[in-house]
Structures are given as C-alpha cells and as structure tokens.
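Below is one structure; the comments refer to it alone.
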Amino acid sequence: MSKTLIRGAKVLGGEPQDVLIDGATVERVGTGLEAGDATVIEAQGQILLPGLVDLHTHLREPGREDSETVLTGTRAAASGGYTAVFAMANTFPVADTAGVVEQVYRLGKESGYCDVQPIGAVTVGLEGKKLAELGAMHESAAGVTVFSDDGKCVDDAVMMRRALEYVKAFGGVIAQHAQEPRLTEGAQMNEGIVSAELGLGGWPAVAEESIIARDVLLAEHVGSRVHICHLSTAGSVEIVRWAKSRGIDVTAEVTPHHLLLTDELVRSYNPVYKVNPPLRTERDVMALREALADGTIDIVATDHAPHPHEDKDCEWAAAAMGMVGLETALSVVQQTMVETGLLDWAGVADRMSFRPAVIGGAKGHGRPVSAGEPANLTLVDPAYRGAVDPAGFASRSRNTPYEGRELPGRVTHTFLRGRATVVDGKLA
C-alpha cells in the first residue's frame, strides 16, 4: 500500500505536526518528516482529527432504498469526515434477526467508504411486545452490541427492564428513543408558545423527560447500561446530570440540529424542520450546548434521517419527520461549540470520535493520532465558509434544514485505514 505524508496539520487543534501514513496505520508523528515516496498533502492551517464516529445513522437499506442505501449513506458519511457509523434498525424488514444485521454489515464492507456497525432492534418488529434475538445478533458476524427501537420508544417498563438485563450478560447497551407515546399522540412540533400560536399539536418536554427518568432508574436497578438517543430538552439534561452524579451507567447524545435550530423555524411551515424529537426552544438549545461542553451529554450523533422528496414536499401534517445530517454535522458543531468557545478541537474529537467509539465498541476507531494506531483520520479546513447546497450531497436525499445557510469548515480529506475516501473535498 502507498504512503501519505500529511504536512503541517494541527493535530486535535494543537501545534502543527507531520503525520506519515504507511498502509493502514500511522507510522510516525512529528515535525520535519521526510516524504520519500509518499504522497504529500500540504495541510497548513488545517485540523487533523481521528475519523468521526456516528452512533445514530439511518441508512434505510433494506427496504427504503428510495431514500438512502448503505452505499450512498456511507459516501455521505465519508464526505462528512466519518469513518464509522452505527446503522439504526428501523429498516424493512426490521433488523431484529441475525440475518438482517449480517446483511447490513456485509453491505457496509462492500461499500468501502466507512465501517458500518448495525444496531439491532430491541423488540420484534419494533412493536414493543417481544424481545428480539439480542443474543443471536450479538453472536452473529455483525457482533451487535447496541440495540434500539429508535423511531419508537420501548415504553413498556417491564420490556425495558428485560432488555437491560439481557444485554448486561455481554456488555451491550440499550439506546432509548425517549418518547412517552400517549403524551405525544398527534404531536407535530414542540409544545410551547409557538405550537399554541400555530395551532399545531404539541410534543411536550415531559414526554421525553419521564422516559429518561424511568430508564436511568431501571438501569441503576439492573446494573446495566442505557444510552439516551437525541436528548433535546433542558429538563432531560438535568435528569442525566443527576443520574451520573449517582454513578448510574448512562450516556447521552445530542444532534447537531438540536444544538442550532429552534421551534421558531416552524413558523415557516416548511416540513424540512419537522423532526422527532422536535426542535425545541432557545433555552433548550443553550442548555444542550452547555451540557455537551461539561460532559453531561457525552457525544454528538447525527440522527441522519433521509427521506425522498415527495415525503417532505407536502403539507406539514403529512410530512415525514427527520433531517439528513452526516455531511453538515462537523460544520454545525464548529459553529455552535468551537466558535463560541465552549469546546476546543480536542473536545470535538472527544465528543465525535473517542466517546462514541467507546460507547458503541467500534474497534479501531476513536483512537489517538499517534504511531502504530489505525489511520482512520479526518482533515478539516476550519477557515472555509460556504452556503450549504444539497445538490452537491452524496446522500440520496436532500432534506437538510441548512439549505442556503452559511456554515463554517469543510472536510478536505478522510482516510479509512490509510486509504483516502475523500480527497480535496471530493469523494475518492
């Protein structure tokens, strides 16, 4: 395999260094390294991060290839600086058996743009009535360790307890979509002043917070691990902070869109802003940023949710919920966390690579940029500014809330085990 010398990059935002990649691994990190026969990338002013890891991606295959496939989704991931993604189970058929998760795992291997780790369903068909084949999925070639009914909540407390007990045996984790269904029947947006003025059905914060409170107590009782998907309210932050102070084994994620956008945007009635959980208030957004900064929220996860044009280009009530996010996540985090002084680039690496890799058990990812480590790397130009143009997305879908919005930063190169998947901002 060829050699690549990245010259003068700021590793995790620190002092400029040279990084020599030989084959699939980082050979040396230092200054004044000789290129020899290596391909040289002049990276002065750029930030070198470990390859990003997304614990919450919807790749839609099998069953909804009209919105995304494993190939197009992993191309989008590479474009956004990701070298590993965890694929949610709400496919058709649902990823609730060893056979389906192995299919997704193999498709990821074939794509070659980033590693794909399937997430298994907690219950059969996401119906909340019977535990899925958790053990068989874990023992399969896919080696599943994260399980979620995302898109639906495991709202039955007994079922949730059984799932937590089951995965404890092999160190697995249940990732909960916290939404009390009876409190959100007919919900169209965040419940608050804006929903009242627009006359749209409200999704109250307590519908999320009550499930999180229940589940951290269940996790404490069982002695198991629970992960909170797309946490979105200030109250949820306080519950997770309290749970961690008690030593409960809980982790939590926030999406880029919940770090930036508010329910005021729903006044446009543009369905691109329709998402679950919904966009919340400015107060919630600020609480989420502070919680990500202080570690109460462990990671950023995209909840990349692609939809075909016809599912979004319709009246608000009929529109599907969800936004694409893999190709804009790092830019949003730069704007909301780095440029506000809440995180430095080492903190970004922690929240978007190191920690998600640990939570999901992504081997070879989220590793230090040092000699002997796998060369899963992302090079970012933080000085870049540009308007988001979904026409240039690698994703099959275009339902981004950022169209026309200027965002900072651009991924110039992504390396998966030393092989460039993105070169000069374009897919290799």
[X] side, atom [atom1]; [Y] side, atom [atom2] - distance, nearest 0.5 Å:
| X | Y | atom1 | atom2 | result |
| --- | --- | --- | --- | --- |
| Leu260 | Ser331 | CG | OG | 11.0 Å |
| Leu292 | Met337 | CG | CE | 4.0 Å |
| Thr233 | Leu231 | OG1 | CG | 6.0 Å |
| Ile297 | Ser236 | CD1 | OG | 8.5 Å |
| Ile119 | Asn90 | CD1 | CG | 9.5 Å |
| Met160 | Arg214 | CE | CZ | 6.5 Å |

Side-chain donor-acceptor pair present, [X], [Y], cut-off under 3.5 Å:
| X | Y | value |
| --- | --- | --- |
| Glu68 | His307 | no |
| Thr25 | Glu373 | no |
| Ser195 | Gln188 | no |
| Arg241 | Thr296 | yes |
| Thr123 | Asp149 | yes |
| Asp215 | Gln176 | yes |
| Asp54 | Thr302 | yes |

Side-chain contact test, heavy atoms from C-beta onward, threshold under 4.5 Å: evaluate it for [X] versus [Y] and give yes or no.
| X | Y | answer |
| --- | --- | --- |
| Val226 | Val173 | no |
| Val144 | Gln117 | yes |
| Tyr166 | Leu134 | yes |
| Leu330 | Val411 | yes |
| Leu107 | Val116 | no |
| Leu55 | Ile299 | yes |
| Ser224 | Ile174 | no |

Item to check | Worked verdict on Phe393 versus Arg398 for side-chain contact (heavy atoms from CB on, under 4.5 Å) | outcome: CA-CA 7 Å; Phe393 281 1; Arg398 302 287 181 265; 3.8 Å; yes
Answer yes or no: is there a donor N or O on one side and an acceptor on the other, between the side chain of [X] and the main chain of [Y], under 3.5 Å?
| X | Y | answer |
| --- | --- | --- |
| Thr378 | Gly81 | yes |
| Asp298 | Ala252 | yes |
| Asn399 | Ala305 | yes |
| Ser148 | Asp150 | yes |
| Arg351 | Ala293 | yes |
| His304 | Gly325 | yes |
| Ser353 | Asp350 | no |
| Ser397 | Ser67 | yes |
| Lys152 | Glu127 | no |

Next on the checklist: I'd like to know whether the aromatic ring centres of His58 and His56 sit less than 6.0 Å apart in this structure.
Outcome noted: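 For His58 and His56, the ring centres are under 6.0 Å apart.
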Is the number of heavy atoms from other residues, nucleotides or ligands under 6.0 Å of [X] [atom1] greater than 12?
| X | atom1 | value |
| --- | --- | --- |
| Leu427 | CG | yes |
| Lys10 | NZ | no |
| Glu310 | CD | yes |
| Arg385 | CZ | yes |

Checklist entry - Out of Asp155, Ile211, Asn276, which residue meets the side chain to side chain contact (heavy atoms under 4.5 Å, CB included) rule with Gln179? => result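 Single pass found, and it is Asn276.
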Run the salt-bridge test on [X] and [Y] with the 4.0 Å N-O cut-off and return the result as yes or no.
| X | Y | answer |
| --- | --- | --- |
| Asp284 | Arg289 | no |
| Arg162 | Glu165 | no |
| Arg225 | Glu220 | no |

Checklist entry - Taking it one step at a time, do Glu208 and Ser232 satisfy side chain to side chain donor-acceptor pair (under 3.5 Å)? => result CA-CA 8 Å; Glu208 174 175 299; Ser232 70; 2.7 Å; yes
Minimum heavy-atom separation for [X] to [Y], with atom names?
| X | Y | value |
| --- | --- | --- |
| Val101 | Ala142 | O-CB, 3.9 Å |
| Lys274 | Ala319 | NZ-O, 3.0 Å |
| Glu133 | Ala98 | OE1-N, 3.8 Å |
| Ala420 | Ala428 | O-CB, 3.2 Å |
| Arg410 | Gly425 | NH1-CA, 3.6 Å |
| Glu61 | Val70 | OE1-N, 2.9 Å |

Next on the checklist: Show, in sequence, the C-alpha distance, side-chain angles and deciding distance for Leu326 and Tyr82, and conclude whether the side-chain contact (heavy atoms from CB on, under 4.5 Å) test is met.
Outcome noted: CA-CA 8 Å; Leu326 285 168; Tyr82 289 89; 4.0 Å; yes
Item to check | CA sep, side-chain torsions, deciding dist, call: Asp115, His365, side-chain contact (heavy atoms from CB on, under 4.5 Å) | outcome: CA-CA 9 Å; Asp115 287 345; His365 295 275; 2.7 Å; yes
Item to check | Test side-chain hydrogen bond (donor to acceptor under 3.5 Å, both in side chains) applied to His230 and Glu253, His177, His258, His257, the passing residue | outcome: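 For His230, the side-chain hydrogen bond (donor to acceptor under 3.5 Å, both in side chains) check succeeds only for His177.
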Checklist entry - When the ring planes of His413 and Phe415 are compared, do they come out parallel, tilted or perpendicular, using 30° and 60° as the limits? => result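 Correct class here is parallel.
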Checklist entry - Where do His227 and Thr251 land on the side chain to side chain donor-acceptor pair (under 3.5 Å) test, with the steps shown first? => result CA-CA 5 Å; His227 177 76; Thr251 52; 2.7 Å; yes
Checklist entry - Could you walk me through whether Arg396 and Glu65 pass the salt bridge (charged side-chain N to carboxylate O under 4.0 Å, His left out) check? => result CA-CA 9 Å; Arg396 179 164 283 187; Glu65 291 84 358; over 6 Å; no
Next on the checklist: Evaluate Asp311 against Arg64 for salt bridge (charged side-chain N to carboxylate O under 4.0 Å, His left out), listing each step before the verdict.
Outcome noted: CA-CA 12 Å; Asp311 287 1; Arg64 285 305 305 265; 3.3 Å; yes
Item to check | Glu403 vs Val272, side-chain contact (heavy atoms from CB on, under 4.5 Å): CA-CA, chis, key distance, verdict | outcome: CA-CA 10 Å; Glu403 182 173 5; Val272 76; over 6 Å; no
